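I'd like to ask you about the structure that follows.
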Amino acid sequence: MSETAHRYTAELADEIELAWQDRWESSGVFNAPNPQGSLADPDELAKRDGGHLLVLDMFPYPSGAGLHVGHPLGYIATDVYSRYHRMLGKNVLHCLGYDAFGLPAEQYAVQTGQHPRVTTEANIVIMARQLRRLGLGLDQRRSIQTMDPDYYRWTQWIFLQIFNSWYDRDAERADGGRGRARPISELVAEYSSGERALPSDDGRGWEDLSDLERADILDSHRLAYASEAPVNWCPGLGTVLSNEEVTNDGRSERGNFPVFKRNLRQWMMRITDYSDRLADDLDRVQWPEKVKAMQRNWIGRSHGARVAFPVVGTHEGAEPIEVFTTRPDTLFGATFMVLAPEHPLVDILVPEGEWAPGTNPAWTGGKPGPQTAVTAYRRAASRKSDVERQIEGKDKTGVFTGAWATNPATGEQLPIFIADYVLMGYGTGAIMAVPGQDERDWHFADVFDLPKIRTVQPSEGHPEDEAFTGDGPAINSANDSIDLNGKPVAEAKAAMIDWLVERGHGQATVSYKLRDWLFSRQRYWGEPFPIVFDTDGSAHGVPESMLPIELPEVPDYSPRTFDPEDAQSSPEPPLGRVEDWVNVELDLGDGRGVQSYRRETNTMPNWAGSCWYYLRYLDPENRDELVSAANEEYWIGPRDSAVDGAPAGTRDPGGVDLYIGGVEHAVLHLLYARFWHKVLFDLGHVSSEEPFRTYFSQGYIQAAAFRDDRGQPVEATEVEEGVGADGHPSFTWRGKPVTREFGKIGKSLKNMVSPDEMYAAYGADTLRLYEMGLGPLDQSKPWDTRAIVGSQRFLQRLWRNVVDEETGEVRVAEAPMDEPTARVLHRTIDAVRRDYDELGFNTAIARLIELNNALTKLDAVPREAAEQLVLMVAPLAPHIAEELWSRLGHAESLTHEDFPVADPALLVEDSVTCVIQIKGKVRDRIEVAADISEDDLREQALALPKVLEATAGGVRTVIVRAPKLVNVVPL
RNA sequence: GCGCGAGUGGCGGAACAGGUAGACGCGCUGGACUUAGGAUCCAGUGCCUUCGGGUGUGCGGGUUCGAGUCCCGCCUCGCGCACCA
C-alpha cells in the first residue's frame, strides 16, 4: 500500500496488537497475587511493594447487539489508570466478569427462540473477544459469571444470611452507633430465655407457641421476608418490579410498560432498617455530590413530629388521627385535616345520613351525604393513574368526610377531608393542613373556602395571597401552657415538640421515603431462592450444604406475559410449571426429619448477582467462603485515613479504590449493593463498611443521528454534509434534507459505530487514545469518526521517532539529551503524572503530543527521551508502547517498569517570559531570569520604552509578581 | 415548581492558587513532495482592522492594579426530584 514498508499503519497496528495480546495472556502479567488462597503468590506479592489498588468497572451485561464505541469508554479509563498504577509498583487488581442473569437476557433468548444460557454464553464470547481486542490488562482468572452455579451458590448463601437475620435497633456497633443485623438464632434465644418479651402479651412463653406462631414472629423480624402487600405488577413484562424500577409516571424502567398496584405475596428485603446508615455513610465515601444527593433524595429522610388529633364525637373504634409533620411549630395554624383516600380510618369516621345543616356546598362533592361523597371520591381517585394525577398537577380535589378533629394546641374543631394530594405511602397517610405555611394546603384552602392563619411572620414584601414557607418569628402561636411567639422556626419546633411530649399529644420522629425492596421476580432466568415452604406455608431456608439450588431445565422458559394494560392478570412464575422440581422431600436438618416441601418458584432480580460481584473478584476460586477474611481485608479493608473531603474524625469505611460507571445506576445498583454490604459487615463476613470507597461517574459518548421529515431516523453513515445558506452545516440523506441530533449510540437511532470497525481502520491503541483524548471523563461528548485520524497521526509520529519507516531499524541517538529537551521531558513527566492521578487523560495526551512534537523537531531523538516517552504513553496505548520498548532492546514487558520520575531541578526554569501590563493590559514581554528580584524586575519594566511612554504623566502603582508579571498603573 | 451542573473559536476541548485566554486535536487556508493525494511533511488559523491597534470566555452590573476564574441579578441548555406533609 505504501512505499514505506515500516510505517505505523492499521495493518501494522493489528499485527502488533494481536501479538502483544497473546503474549500478555500467556504470561499472565496482569494477574494480581492474593495474600491467601489459590491465587496467592508470595514472591510476586513481595515484588509489588507500592501498595495495592482495586479498580472496578460496572458489571457488564452481555448484550446481544455487541459493543458500540460508547461502551469501552469506562473500561479504557480503568485500564489506563490500572496500568499507570502498576508502573508505580502497586499490586493492581483489575478484572471483568459478566452479569449474565436477568430480564434482558431472557427476552433476547425468547426473541431468538434459544435457551437463555445458550444466547448468553454466545454473547459473552462476542463481548470477550471485542474487549480482548481493546487490549485491556485484566486478571482473567477472576472473570466470573453470575449464571455459573459456583457463583450463584454464594448469591443464595448471602440471601440465606439475610433471611436468617434481623435488625436489632438497640445493638451496639463497633463504631459506637446503635443498630445492626444479628443472626435470627440470637433472637430465638432471647425469646426462649425470656430476655426479650414476646410481641403478644398473653402470658405464654416461646415454648408454648405453635410452629406457625413462632414462624410468624420470626418472619416479622427477618431482613428478607415474604409478605402480602401492594406491589408493582407489570403485565407487559409478566413480573413484579421494585419501586426503583418504576418511573415516576408509573411505567417500567425497562420496556416502558404500564405498572399496576396489586396485592401479591412477594419477597421483600428490609432495606428500610438501614435508612439512616445508608444516608449517613454517604459522608464517608468519595462520590460525586450529585450521586450522593440522588441517594439521599431517594432515602428521603425528614425530621419532624407525630401529632395525635382526637376525633370529635363518638365514632366506634376511632383512634386519634396521627399525622406526620416536619413543621410542628405551625400547629397553631392547622385549620383542617386531610387523609389519604385509602386511609383505614376513613371507613370509621364517615357518618351516615345527610350532610349536617350548614355544611359548605363546596365540601360535599355535589353528593347528598358524606358516605356517598366519600365513596364517589375514593372510586374516582383509585381509577386515576399516576399519569392522570400528574397532568392534573396542582389542582386540588377532595371531599369533606363529615367528621371533625380537635387541634390539640388551640382546641378548635377542624374539618377532616380526604384528598389525593395526601399519599398513603408516606408518613402516616394523614396531615394537619397549615395553609399559612404550606403552598399545597393554601391551594386546598382556596378551593374549599377554609380559614388561613399565619403562624410565621412573612418576610417583608412577601405576597399577601401566598403561603410563607421561609424562616421568621412565630406569631399567633400561644395558649395557656405554651407561647411560641417571637421564636424562629427551629426554636419553635423544639419548644412545640417538648410541649407535645409533655402533654402526650406526640413525639419527635423521623420519616423516610425509602420503602422495603421487592426482591422476587416471576422469571426463569435468575437465581432460584434457597427457600422451601412446608405444608403449613411457612418458609424455610435450606441448609448451606444443599447449595447451590440449581436452576432446573424447563420445557418452556418463556414467561407468561399479558396484555400490558391488563391490570387484573396475575404473575405465573415459569418455575411453577416444573412440578417435580417444585415438590421435594427434604431433611432440612432442623430436627423435623424428612418432610414434604414446595420450592419457592420466584427467582431473584438481576440486582442480586451484581450486588456483591466485586467481593467474589477478590477470591473467585474459594470453595469454602464467599471471600476469605485475609483477601477481603487486603483489598478493601478500611484504610488508615478517611477519603478527601470527609468530615473531621470520619473513619474510613474501606471499599473499592476506584469504581467507574454510568450514573444510571445511582440509586438502584449502588444502593442495593451498599445495603447487602452493610448486612455482611454486621454479620462479620467483611471488614469494610462500604463497597465502593471512591466512585466516579463517567459521561457518555453520543453520536450524531439524523431524522427525515417524518421524524424517522435514517442511517447515519449515509448522510452527506454540506453547507447551508446560513453558513451552518446542512445534512442530506439520499438527496433529501435531514436534521441532526446527538444521542445514544445504537440501533434505534441508526447511528451504530462498532469498535470492530475502528480496530480494522486504525487499531485499538488509536481508538483508546481517541476516546481518552475527547475530553474530561465525567462529561458526555460527541463521537466523530473523522477526528480519529488525529490520534493515529500522533502514534505514527511517535513510531517514526523511534523506528525508521524505510528500514524498520531503531533510529534513536545514543548521545545524551541536550538541556532544553531534558527540560521539556521532565516538565511533561511532572504534568502527566498529575494528570494520570486525577483521571485527566485528555490533558495527559495533550502533554505527550507536545513532547513528541518537540522530539520530532530534533535531528535525532535521544534514546532516554524516547524511552521515557514510551513508558508514559504505555498506559494509554499499551501495544505500540510494548512494541517500541521491545525494539529499544528490552526483553521484558513494560507492565511493571517504573513510571518516569521528574527531576525537580529540571522543572525550574532559568529564564521566563515576563508579561508587562499597563493598567492590566498586556503591552510588552521581556525575558528575565527566573530568580530575578522584585526590585530588579520593577526597574527593568519601568525602563521599557512602552512603559516610559505610558507613564509620562507619572506612576500611580506598580504591581510586581516576579518573575512572571509586572502591572504598571499610570496616574 | 425545587435542587444541582454547565455556557470559552467552525467543532471536541485547555487554562494549577484571580496574573500572557484559546494548550492539544479535528476542520479549514496556503505551501512542499508527488502521475495523483482523501498519504506524509511545513506554515498559518478567535473576531475586526486604516496594520498603530481595537475587541473577545451566554447577558447586565460589581469587587480588584488585573476577572473565563470571585460577588449580585438575569437568560439559555442539561441532569435529578416532583403534591414526600
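Just so it is clear, the model here is predicted, and its values are computed rather than measured. Letters A, B, ... mirror the listed sequences (proteins, then strands); counts begin at 1.
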Determine the interatomic distance between P on B/C4 and the same-named atom on B/C72; round to the nearest Å.
13 Å

Reading RNA chain B from 5' onward, which residue's closest nucleotide shows up sooner: A/R847 or A/T325?
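Here A/R847 is the residue nearer the 5' end.
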
Strictly by salt bridge (Lys or Arg N to Asp or Glu O under 4.0 Å), give each pair with a member in residues 327-337 of chain A just once, sequence neighbours left out.
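The answer is A/R327-A/D329.
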
Can you see which heavy atom on A/I745 is nearest to which on A/V753, and at what distance?
CG2-N, 3.8 Å

Represent RNA chain B in dot-bracket notation, 5' to 3'. Only Watson-Crick or G-U wobble pairs with both distances under 3.5 Å count; pseudoknot-style crossings use [ ] and interstrand partners use |.
(((((((..(((......[....)))((((((.......))))))(((....)))..(((((..]....))))))))))))....

For nucleotides 9-19 of chain B, which of its nitrogen or oxygen atoms have a protein nitrogen or oxygen under 3.5 Å away, and what is each distance?
from  : atom 1 : to     : atom 2 : distance (Å)
B/G12 : O2'    : A/L774 : O      : 2.9
B/A14 : OP1    : A/N842 : ND2    : 3.2
B/G19 : O6     : A/R961 : NE     : 3.3
B/G19 : O6     : A/R961 : NH2    : 3.3
B/G19 : N2     : A/Q917 : OE1    : 3.1
B/G19 : N2     : A/N967 : ND2    : 3.3

Tell me every residue that passes ring pair (Phe, Tyr, Trp, His ring centres under 6.0 Å) with A/W783, counting only those two or more places apart in sequence or in another chain.
A/Y770

How would you list, by chain and number, every residue that makes a ring pair (Phe, Tyr, Trp, His ring centres under 6.0 Å) with A/F468, sequence neighbours excluded?
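Ring pair (Phe, Tyr, Trp, His ring centres under 6.0 Å) check on A/F468 returns A/H462.
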
Over 60° means perpendicular and under 30° means parallel, so tell me whether A/F417 and A/F336 are parallel, tilted or perpendicular.
perpendicular

Pairwise C1' distance, B/G80 and B/G68 [rounded to whole Å]
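To the nearest whole Å, 27 Å.
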
Closest-nucleotide mapping onto RNA chain B: is A/Y512 or A/V667 further toward the 5' terminus? I mean the 5' end.
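Its nucleotide being nearer the 5' end, the pick is A/V667.
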
Where do N or O atoms of nucleotides 40-44 of chain B meet protein N or O atoms at under 3.5 Å, pair by pair?
from  : atom 1 : to     : atom 2 : distance (Å)
B/U40 : O3'    : A/R800 : NH2    : 3.4
B/C41 : OP1    : A/R800 : NH2    : 2.7

